[in-house]
Amino acid sequence: MRVLLTGGAGFIGRHVLGELLKRGHDVCVMDSLRPDVHRDANAWKPPAGVEFHVADMRDRDALDRAVVGNDAVIHLAAKVGLGVDVGDMPDYASTNDAGTAELLAAMARANVMRLTLASSMVVYGEGLGRCPEHGAVTPAPRNAASLAAGKFEPPCPVCGRRLETALVCENAPLDPRNAYASSKVAQEYYAANWARSTGGAVAALRYHNVYGPGMPRDTPYAGVAAIFTSALRRGEAPKVFEDGRQRRDFVHVRDVASATVIACENHNTGMRAFNVGSGTPRTVGEMAAALAQALNGHRPQVTGQFRLGDVRHITADSSRLRAELKWTPRVDFADGMMELARQ
Ligand code: UD1
């Protein structure tokens with residue numbers, strides 16, 4: 001296939017590009033090289049034979065030039081980050097919502113009918129909890145007062161009891177709680193509209209916490225694994241927020257790349273969402289300990305600090321992707337953390 005890969009110069013994009021080429025596809029990359037991500041716009045060049053358009057998704061003419069002649073699009077270009085600053089809302093809405101709307105319109109003009117969209121687990125908000133009395137419930141949001149008092153577990157919204165964690169399936173209600181999450185939900189909704197109107201196919205991949213070689217460090221986009229690695233390299237202890245028992249599913253970027261390319265190659269009808277996680281959730285404390293051990297560094301320090309807006313646990317059920325698209329994650333957690341530590 002000939003595939004347009006947007007955001008191909010980014011952390012996940014470079015791995016997806018490598019996977020596409022490995023599997024014999026022709027690739028055209030479009031990336032704006034945003035200065036907040038790419039401090040040096042000349043630092044990355046695509047491999048030989050890959051057409052490269054340096055352009056913003058909202059540039060209609062550039063989009064038309066990049067989209068035409070492709071069999072499919074993988075859309076990763078986006079403003080990422082935590083999305084908690086209300087002042088950033090216009091940038092999320094413009095870059096992510098409007099950029100995606102422009103892409104969909106350009107695909108319709110060029111009759112390109114397959115889209116693989118990078119979405120995120122943040123679309124589920126606090127996800128799901130299981131109450132001994134009320135079953136599966138949406139945990140109540142956590143407020144500053146209870147977090148400051150060290151009450152980190154969000155209670156049952158009905159009776160206030162402690163919840164067990166439940167895995168989130170794709171049909172769980174969407175509950176975006178920040179600007180980034182809202183823009184990911186908007187992208188999914190625009191893509192679903194486009195699929196219905198044009199007969200196109202969309203696979204929306206809800207990525208979990210992606211880590212691995214090339215992860216951004218020391219930028220607003222740095223995820224916790226990169227932050228801990230940088231601290232350990234400076235000879236400092238990784239600072240683990242809350243009590244360190246918050247759970248995430250850390251999924252390796254090569255597994256994310258293979259999921260993305262498999263979805264692009266195989267999903268060919270209607271709109272379908274897929275969670276992309278390793279299937280083995282870990283606590284943030286465990287992850288810090290694994291990195292500290294790999295780097296022979298200071299033991300993690302559990303600080304009790306918190307970031308208002310962080311979700312407590314978010315763990316996916318990724319069985320749909322395994323069953324329907326025959327995807328299998330291959331990188332073991334300990335090996336992946338060791339590789340990250342050594343890069
Ligand atoms: C991350 C991604 C988000 C993605 C989501 C998917 C980043 C910056 N965010 O959000 O784009 O949509 O996964 O599930 O990559 N923590 C510490 N110490 C620190 C920093 C963070 O303990 O110095 C804790 C946080 O409190 C949180 C956890 O680590 O509990 C994860 O934080 P982070 O890596 O920022 O990711 P998410 O909020 O899960």
Self-check item: salt_bridge(R312, E126) N-O dist < 4.0 Å
Solution: no
Exercise. Give a yes or no on whether a salt bridge exists between E188 and K184, defined as a side-chain N under 4.0 angstrom from a carboxylate O.
Key: no
Quiz prompt | Distance (rounded to the nearest 0.5 Å) between R247 CZ and E286 CD | solution = 9.0 Å
Quiz item: What is the distance from atom CG of N178 to atom OG of S183, rounded to the nearest 0.5 Å?
Solution: 8.5 Å
Exercise. Quick one: list whatever passes ring-ring contact (aromatic ring centres under 6.0 Å, His included) with F52, sequence neighbours left out.
Key: W44
Exercise. Could you pull out the closest heavy-atom pair between V80 and Y92, with the gap in Å?
Key: O-OH, 2.9 Å
Self-check item: H267-T116 side chain donor-acceptor pair, cut-off 3.5 Å
Solution: no
Practice problem: Apply ring-ring contact (aromatic ring centres under 6.0 Å, His included) to H252 and list each qualifying residue two or more places apart in sequence or on a separate chain. | Solution: Y211
Quiz item: Using a distance-only test with no angle check, is there a side-chain donor-acceptor pair under 3.5 angstrom linking S94 and R58?
Solution: yes
Quiz item: Are the side chain of R142 and the backbone of D310 linked by a donor-acceptor contact shorter than 3.5 Å?
Solution: yes
Exercise. Before accepting this row, confirm whether a basic side-chain N of the pair E153/R245 lies closer than 4.0 Å to the acidic partner's carboxylate O.
Key: no
Quiz item: Just wondering, are more than 12 heavy atoms of other shown residues or ligands nearer than 6.0 Å to OH in Y190?
Solution: no
Quiz item: How about D249 and T315: does a side-chain donor come under 3.5 Å of a side-chain acceptor?
Solution: no
Quiz prompt | Donor-acceptor contact present, side-chain N70 to main-chain V112, <3.5 Å | solution = no
Practice problem: Would you please name every residue forming a side-chain contact (heavy atoms from CB on, under 4.5 Å) with A108, sequence neighbours left out? | Solution: W194, T198
Practice problem: Look only at the side chain of S120 and the backbone of R206, and say whether a donor-acceptor pair between them is shorter than 3.5 Å. | Solution: no
Quiz item: Can T260 and Y207 be said to form a side-chain contact (heavy atoms from CB on, under 4.5 Å), step by step?
Solution: CA-CA 10 Å; T260 306; Y207 297 148; 2.8 Å; yes
Exercise. May I ask you to decide if V68's main-chain N or O and R109's side chain share a donor-acceptor pair within less than 3.5 Å?
Key: no
